[in-house]
Amino acid sequence: MEFATFADRAGTIEAEPAALEVVAHVRDLFADAGSDLEVVARFVQGRVFPAWDSTTLDIGPSACYEAIARAAGTNVSSDDVEARLAEVGEIGDVAANYDFGGQQGLGAFTGGGGGNGGNLTVREVHETLEDIAAAEGSGSQDRKVDLLFGLFNRCSSEEARYLARIVLSEMRIGVGEGTVRDAIAEAFDVPTDRVERALQVSNDYGQVARTARDDGLEGLDSTELEVGRPVQAMLAQTGTVTDALEEWETAGVEWKYDGARIQLHHAPNRSNESTAETRVFSRNMEEVTDALPEVVEFAAAHLEEPAILDGEVVAIDEDGSPLPFQEVLKRFRRKHDVAKAREDVSVRPVFFDCLHAGGEDLLAEPLTTRHDRLRSVLVDADADPVADDEIEGLSLLWRTDDPDEIESIAAEALEAGHEGIMLKNPDSTYSPGRRGKHWRKRKPDVETLDCVVTGAEWGEGRRATVLGTFELAVRTGDDSEERRSAGSAVEPQNLETVGKVATGITDEKLEELTDLLEPHITVAEGQTVDLEPAVVFEVGYEEIQSSPTYSSGYALRFPRFVGVRSDKSPADADSLERLERLHDQ
Ligand code: AMP
């Protein structure tokens, strides 16, 4: 296909306001693309390489301005190009406004010199862009500019418009991924959902378009994951325990690690361990293998079959306890001095999903099956049976319909220094690139409440000697600063209950709380005790509901213990007024 034809079609698409018509134009473009279909399917989205490929042109905007300036003539400088860009706001318009061509020198050696376009093909443009990407080492920036100048020098205005946009990955003709998917389906008469699946698996619009055309549905359906080629990561929405349990019969619950997403691709070589191929990708499918030698070592030590694993890399201190996210960033994209950086901060991978194992794709399997497979990939087949929590690198997956159990998992996660929990639909398949409702990160508390502890209950069985459930209350009456700073005592009649908290507390903490509260017991009746207002708990919750159950007229939904506010007296606890305000919000 002539590049001028591509530019002309791109212009038509850009001018088309109706989405359905856009699909029809892209469909026709694909149908006419012949042997350039793969490239055209990428160019139309402003891509030079497949989405999974982290190759870049490695050419910055200023190099592009310089190439444009040189092609535009001796009286144009790259400063002029930049100044015009500031005025016009878009590089395609800037490039299209120059009169290119006829520049001598390097333009000639790439075979150009026409200036009015018409002799450049899509293939030539693509091959030159590949050469630009491949140029490395000293002098490579000059060589890149020379090559690009050679292309612009042969462009008509409209060709220049789209070349500039492709080079800077700013195609902006209104063709998104959905449009390309629909256009492939229409052009080659295959169902959209099967195109979609092939796209998820291959991450290459060019390949999928060609497969749909040349091999039809059968070809699309046999498109498989490839170890070494990254897949888009499945993403999470925020959500609540309430929603999760309402929608799914049981929820899958995992710790949420505060690190950076990784996708590990491992292809072992059974005869020679040192030639195993291990690659690690970021959430954006960028390769980060060299920055994370610990992950490569982990794979060599633990993986015996080809696998694609989804997980998180977490920074750890000397004891193996997790460090904050910022520490991972010191390692994540590092290109130089990795060994030195590793001395300062080490990292460890934790895996929560398995997309491929032993030659089998698992995207369409339910989460529980994928997690079982993950477990079996990480466990040495010949070793004695081990408990899940002893398997290095395995993120545990609980299944429960009990909100209290979810709260205690969340408490343990926080206790262990992690961020919170993820709630996952146990029956859901893996949807690459989707921020669906099957994965939910538990919404952080909007605002915690500081409540006075007004009562408690002794535990049962093993916990009979500790207080386990705590009644919470807020203050009524005067909310003025004056009164609070006066530190006046809060009388029990000035407190209204809002709920009970029993979750989020470890055994050790329960003992501590019992010691703290026992001296304040005023009435003991069976398992229940009344407490004089003395201790303030900070509590998190998912929601404040109107409720007749407690005297305040409100109830905290899923309250959980955050900590003791030893710096606060009951007079500093939150008031009914604030509770009402938060409820109304
Ligand atoms: P966010 O970055 O806040 O959108 O939260 C989603 C991210 O949490 C994912 O992309 C992962 O990087 C990370 N994460 C940590 N633990 C898990 C887990 N158990 N399952 C899924 N994602 C997790």
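Start at 1 and go down the list; that is how both ligands and their atoms are numbered.
Around atom 7 (C) of ligand 1, the closest heavy atom drawn from H418, K256, K441 belongs to K256. Around atom 18 (C) of ligand 1, the closest heavy atom drawn from Y257, F351, F325, F352 belongs to F352.
Using a 4.0 Å cutoff on heavy atoms, E419 does not count as a contact of ligand 1.
Looking only at heavy atoms of the protein, atom 2 (O) of ligand 1 is closest to R283 NH1, 3.7 Å. In this structure, the protein non-hydrogen atom closest to atom 11 (C) of ligand 1 is E312 OE1, 3.0 Å. In terms of protein heavy atoms, atom 20 (N) of ligand 1 is closest to K424 NZ, 2.9 Å. Taking atom 9 (C) of ligand 1 as the reference point, the nearest protein heavy-atom neighbour is R261 NH1, 3.5 Å.
Counting heavy atoms under 4.0 Å from ligand 1, residue W255 touches it through the backbone alone.
Between A133 and F49, the closest heavy-atom pair is CB-CZ, 3.7 Å. A pairwise comparison of heavy atoms in I316 and G320 identifies CG2-O, 3.4 Å as the closest pair.
Side-chain contact check for T506 and E508: no donor-acceptor pair (N or O, by modelled atom type) lies under 3.5 Å.
Considering backbone and side-chain N/O of S395, none are found under 3.5 Å from N/O of ligand 1.
For ligand 1, the atoms lying closer than 4.0 Å to a non-hydrogen atom of E254 are 18 (C), 19 (N), 20 (N). Heavy-atom contacts of M422 reach the following atoms of ligand 1: 17 (C), 18 (C), 19 (N), 20 (N), 21 (C), 22 (N) (cutoff under 4.0 Å).
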Quiz item: For Y205 and F43, what are the C-alpha separation, side-chain angles and deciding distance, and is it a ring-ring contact (aromatic ring centres under 6.0 Å, His included)?
Solution: CA-CA 10 Å; Y205 288 80; F43 274 7; over 10 Å; no
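With sequence neighbours excluded, no residue forms a side chain to side chain donor-acceptor pair (under 3.5 Å) with R334.
Each of D361, D310, D353, D427 was checked for a salt bridge (charged side-chain N to carboxylate O under 4.0 Å, His left out) with R370, and the lone residue meeting it is D353. Tested against R442 for a side-chain contact (heavy atoms from CB on, under 4.5 Å), the candidates K256, E419, E542 yield a single pass: E542.
If you look at F325 and F332, their ring centroids are not closer than 6.0 Å.
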